[in-house]
Number of protein chains: 2
Amino acid sequence: MNADLWLTQLKDNGYRLTEARKAVVETVAVTQHALSPVEVFDRARASSPRLGLVSVYRTLEKLEELGLIQRVHQVHGCQAFIACGKGHEHLLLCTKCGAAEHFTGDKLGPLITSISKQTGYKVEEHWLQLLGLCKKCLKAGK
Amino acid sequence: MNADLWLTQLKDNGYRLTEARKAVVETVAVTQHALSPVEVFDRARASSPRLGLVSVYRTLEKLEELGLIQRVHQVHGCQAFIACGKGHEHLLLCTKCGAAEHFTGDKLGPLITSISKQTGYKVEEHWLQLLGLCKKCLKAGK
DNA sequence: TTACTTGCAAACGTTTTGCACGATT
DNA sequence: AATCGTGCAAAACGTTTGCAAGTAA
């Protein structure tokens with residue numbers, strides 16, 4: 001998937017392409033839902049048994065720096081990461097299976113403008129996240 | 001401020017009114033920006049020197065349960081709490097001084113409907129937060 | 001060859017738990 | 001008087017750091 005692009009990005013930014021980094025990149029780039037550092041560690045270890053948890057942390061840090069992954073904030077914790085969408089996009093998460101989709105929040109402009117006027121704030125960033133049930137989980141009942 | 005209301009709420013829900021709980025409630029209800037457990041601890045200790053950090057954690061837990069405070073998610077961490085607004089409201093945070101204001105995000109309906117249709121998700125919750133500079137910090141330059 | 005990167009172990013900060021004592025109802 | 005709540009100490013996490021050995025360029 002994006003894995004090769006991510007590796008290129010790492011290289012272009014002066015980072016070396018190592019076993020550890022490849023393993024982390026391949027795990028995160030391929031997964032459709034948010035993963036915590038330990039989850040990345042467990043999965044990546046399947047193919048790279050010598051991988052250490054510390055390298056997972058350090059690689060995630062770099063991927064976040066480069067804007068390739070983002071931290072996902074949820075009620076039960078904020079230690080999970082997921083691949084970023086293209087451009088400025090927001091997340092829609094399934095509270096049951098953890099599936100994630102990206103969407104654009106263009107329509108927020110007017111709201112933000114009106115809040116700025118009301119409060120006198122200069123709004124520089126916005127975080128939006130939707131939570132619900134995905135198509136699959138809806139079908140599966142309950 | 002809301003402090004008395006909060007204490008009543010605690011009592012009505014079967015919790016006893018103790019020194020520790022009063023100290024935490026009085027600290028958080030009065031503060032206009034998000035506080036971490038340790039910050040609450042330090043401030044509350046000014047008036048209740050025997051207070052323990054554990055009681056701060058346990059009281060914050062109950063206040064969150066009762067919907068009186070909410071966790072604030074920020075780039076630099078998600079361990080801070082702030083009083084909830086009235087009804088369903090969102091947060092506008094100053095990234096410089098930490099000031100917080102509540103606003104209503106009513107205008108999100110159309111966006112949510114359109115995302116639901118596009119993705120097949122049943123959206124049950126939304127989470128919006130604006131970040132920027134407050135009036136004061138804008139004036140204070142840069 | 002050189003500098004970057006690794007994994008380990010240990011340190012660190014935050015949050016939770018077990019428990020005997022103390023306080024509220 | 002009976003619970004419920006407290007503070008302390010210790011345990012349990014998640015994350016970061018120091019370092020000698022290994023590896024990419």
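Order of the sequence lines fixes the chain letters, A, B, ..., with proteins taken first and strands second; residue numbering starts at 1 for each chain. Just so it is clear, the values below take in all heavy atoms, side chains as well, and ignore hydrogens, waters and symmetry mates.
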Legend entry - Nucleotides bounding contact with chain B, strand DNA chain C, heavy-atom threshold 4.0 Å: C:dT14 to C:dT25

Inset, instruction - Carefully, step by step, assess B:H102 and B:H88 under the rule side-chain hydrogen bond (donor to acceptor under 3.5 Å, both in side chains). - result: CA-CA 10 Å; B:H102 291 273; B:H88 182 74; over 6 Å; no

Inset, instruction - Give, ordered by number, those residues of residues 51-63 of chain B having at least one heavy-atom distance below 4.0 Å to an atom of DNA chain D; if nothing qualifies, reply none. - result: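 Residues of residues 51-63 of chain B that come under 4.0 Å of DNA chain D are, in numerical order, B:L51, B:G52, B:V54, B:S55, B:R58.
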
Inset, instruction - Would you jot down, in residue-number order, the residues of residues 71-78 of chain B having a non-hydrogen atom under 4.0 Å from DNA chain D? - result: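 Hits under 4.0 Å, by residue number: none.
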
Legend entry - B:L7 CG to B:L68 CG distance, which is reported to the nearest 0.5 Å: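 B:L7 CG to B:L68 CG: 10.0 Å, rounded to 0.5 Å.
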
Is the shortest side-chain heavy-atom distance between [X] and [Y] below 4.5 Å?
X      : Y      : answer
A:S116 : A:Y121 : no
A:L10  : A:V25  : yes
A:S47  : A:E26  : no

Legend entry - Bending between helix ends of the helix from C:dT1-D:dA25 to C:dT25-D:dA1 [5 pairs per end, 10° resolution]: 40°

Legend entry - Trace of the side chain to side chain contact (heavy atoms under 4.5 Å, CB included) decision for B:R43 with B:R45: CA-CA 5 Å; B:R43 289 172 181 234; B:R45 258 180 165 242; over 6 Å; no

Distances under 3.5 Å between nitrogen or oxygen atoms of protein and nucleotides 22-25 of chain D:
residue, atom, partner, partner atom, Å
D:dA24, N3, A:R16, NH1, 3.1
D:dA25, OP1, A:L17, N, 3.4

Legend entry - Expected output: side-chain A:R16 to main-chain A:K11 donor-acceptor under 3.5 Å: no

Legend entry - Set of ring pair (Phe, Tyr, Trp, His ring centres under 6.0 Å) partners for B:F103, sequence neighbours left out: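 If we apply the ring pair (Phe, Tyr, Trp, His ring centres under 6.0 Å) test to B:F103, skipping adjacent residues, the hits are B:H90.
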
Residues which pass side-chain contact (heavy atoms from CB on, under 4.5 Å) with [X], listed by chain and number, not counting sequence neighbours:
X      : answer
A:R58  : A:V54, A:K62
B:K107 : A:L111, A:S114
B:A83  : B:W6
B:A100 : B:I82, B:L91, B:L93

Inset, instruction - Tell me, please, which residues at least two apart from B:E65 pass side-chain hydrogen bond (donor to acceptor under 3.5 Å, both in side chains). - result: B:Y15

Inset, instruction - Would you please name every residue forming a side-chain hydrogen bond (donor to acceptor under 3.5 Å, both in side chains) with A:E125, sequence neighbours left out? - result: A:W127

Inset, instruction - Give the cluster check for A:V72 versus A:V30: same hydrophobic cluster or not, with ILVMFWY residues linked at side-chain heavy-atom distances below 4.5 Å. - result: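 A:V72 does not cluster with A:V30.
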
